[in-house]
*Asks:* 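Sharing a structure below in structure tokens format, with a few things to ask.
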Amino acid sequence: MINKFLNTVIDAINDLIADTIKIIPGLIGGLIVIFLTRYIAHWTENFANKIAIKTIKSRSLQILFIKSIYITTWVVGVFLAAIMSFPGLSLGNVIGALGLGSVAIGFAFQDIFKNFLAGILLLLQEPFRIGDEVVVQDYQGFVEHIDIRTTTIRTYQGEKILIPNATIFTNSVQVRTGYDKRRTDLGVGVDYNTSLAQAQNLLFDVITSLDGVLKEPTPEIDLVNFGDSSIDFVVRYWTLPQQKTVRYIQTKAIIAIKKAFDKASITIPYPIRTLYYFDQDKYSDYIPN
């Protein structure tokens, strides 16, 4: 009885060893295919990049084309490696396995799939392009790269920010360079003794004479408010949309306005408060019933 059991165990071990020996060449071949796929994918990516540069104008669509070729190469390589490692494997088996595991995979990798699909839509729709200046949530800067999973933004302070594509796709994005011009609203106040017509004309002359301020649309000088200490103007003018240009022109505008006001003896007032003093012995807040 014991001998029969031992013989059964030995036969099973021998069969396992024999089966293992049989699949070793296939496994080695599969590993070789994976190793080659890495280099083939790199070559096809470079080749796709050359084709995309010559045939596709949009950089976003170029990236989508290149990534699609790269991913397709890897999918084909992995599939061939699986068939070589396991000769009994067929396309039907793969599809069946994917069907059975799709729900579990979907739950496990839902964030990855969500960012992947959002990345494809961003590349196709192009709400912004590489090089655009954008504001996404608390981040402001230049779009450096749009990948399948993340979008890379270089902030004005020189920091690298990786934002998931799903976050960008489901939130508001301010594209500062979406158009060829951008308006700046610059507030300035004058004291109540100032001739408003004189101040308005002076502001218009100053802002239209600045280099970098666009002639069209024409700058506007609006009176907007009777403040506590001043009558408030808003100078509205247009420049190129880049943030560096906007800041530079705004600085020049402030300096020029201050210089022109000083020359015309127009005062930009400090906050003014009027204080009233009462004799507390003579005046009482107490009102008898």
Side-chain angles (χ1 to χ4, degrees), residues 48-49 52-68 111 113-188 203-204 206-222 224 233-254 256-257:
N49 184 50
I53 291 175
K54 294 179 179 179
T55 60
I56 303 175
K57 293 182 179 181
S58 170
R59 182 54 186 164
S60 296
L61 294 180
Q62 289 176 6
I63 293 173
L64 180 59
F65 176 74
I66 294 166
K67 292 297 181 183
S68 298
D111 289 339
F113 290 147
K114 183 168 61 176
N115 289 319
F116 176 78
L117 293 175
I120 292 177
L121 291 173
L122 288 174
L123 290 170
L124 287 174
Q125 295 179 355
E126 289 190 297
F128 50 79
R129 300 180 179 182
I130 294 174
D132 273 335
E133 298 181 31
V134 298
V135 179
V136 183
Q137 293 184 322
D138 296 329
Y139 305 110
Q140 305 178 24
F142 303 86
V143 178
E144 281 200 326
H145 187 67
I146 305 173
D147 208 338
I148 293 298
R149 192 181 69 85
T150 60
T151 295
T152 304
I153 292 177
R154 177 166 56 90
T155 67
Y156 296 125
Q157 291 76 27
E159 300 168 330
K160 182 179 181 180
I161 306 295
L162 300 176
I163 304 179
N165 288 329
T167 300
I168 295 178
F169 194 75
T170 56
N171 286 276
S172 299
V173 179
Q174 179 183 350
V175 185
R176 287 180 163 172
T177 52
Y179 299 107
D180 59 354
K181 60 179 69 73
R182 181 172 156 196
R183 195 182 77 184
T184 298
D185 295 351
L186 179 61
V188 58
L203 287 170
F204 184 82
V206 169
I207 204 65
T208 53
S209 65
L210 282 179
D211 291 335
V213 174
L214 301 179
K215 304 302 181 183
E216 293 292 336
T218 305
E220 300 175 357
I221 313 298
D222 294 334
V224 295
F233 287 89
V234 172
V235 181
R236 309 184 197 276
Y237 60 91
W238 296 79
T239 65
L240 296 178
Q242 289 75 20
Q243 180 69 6
K244 182 178 180 180
T245 301
V246 171
R247 290 189 295 104
Y248 176 70
I249 300 300
Q250 180 173 297
T251 299
K252 288 177 61 178
I254 292 174
I257 289 171

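Numbering starts at 1 and runs along the sequence shown.
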*Asks:* Measuring only between side-chain heavy atoms, which start at C-beta, is E220 closer than 4.5 Å to T218?
*Replies:*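 No, side chains not in contact.
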
*Asks:* Taking K215 for the side chain and T208 for the main chain, is one N or O donor matched with an acceptor at less than 3.5 Å?
*Replies:*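 Yes: the side chain of K215 pairs with the backbone of T208.
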
*Asks:* Could you give me the CA-CA distance, side-chain angles and deciding distance for D132 and F142, then say whether side chain to side chain contact (heavy atoms under 4.5 Å, CB included) is met?
*Replies:* CA-CA 6 Å; D132 273 335; F142 303 86; over 6 Å; no

*Asks:* Check whether any side-chain heavy atom of V213 sits under 4.5 Å from a side-chain heavy atom of W238, and report yes or no.
*Replies:*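 No, every pair of side-chain atoms sits at 4.5 Å or beyond.
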
*Asks:* So do the side chains of V224 and F233 get within less than 4.5 Å of each other, counting heavy atoms only?
*Replies:*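 No, too far: nothing below the 4.5 Å cut-off.
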
*Asks:* Is the shortest side-chain heavy-atom distance between V135 and R176 below 4.5 Å?
*Replies:*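 Yes, at least one pair of side-chain atoms sits under 4.5 Å.
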
*Asks:* Mind checking whether R182 and Q243 have side chains closer than 4.5 Å, heavy atoms only?
*Replies:*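 Yes; the side chains approach each other to less than 4.5 Å.
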
*Asks:* Kindly indicate whether the side chain of V235, heavy atoms from C-beta on, has any atom under 4.5 Å from the side chain of V188.
*Replies:*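 Answer yes - side chains close enough.
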
*Asks:* Do Q242 and R247 have side-chain atoms, one donor and one acceptor, less than 3.5 Å apart?
*Replies:*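 R247 and Q242 do not have a side-chain donor-acceptor pair below 3.5 Å.
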
*Asks:* Start with the C-alpha gap between V136 and F128, add the side-chain angles, then the distance that decides, and say whether side chain to side chain contact (heavy atoms under 4.5 Å, CB included) holds.
*Replies:* CA-CA 12 Å; V136 183; F128 50 79; 5.9 Å; no

*Asks:* Please walk me through it: do K252 and D211 pass side chain to side chain contact (heavy atoms under 4.5 Å, CB included)?
*Replies:* CA-CA 9 Å; K252 288 177 61 178; D211 291 335; 3.8 Å; yes

*Asks:* Does the side chain of V234 reach to within under 4.5 Å of the side chain of L186, using non-hydrogen atoms?
*Replies:*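 A side-chain contact is absent here, since even the closest heavy-atom pair is not under 4.5 Å.
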
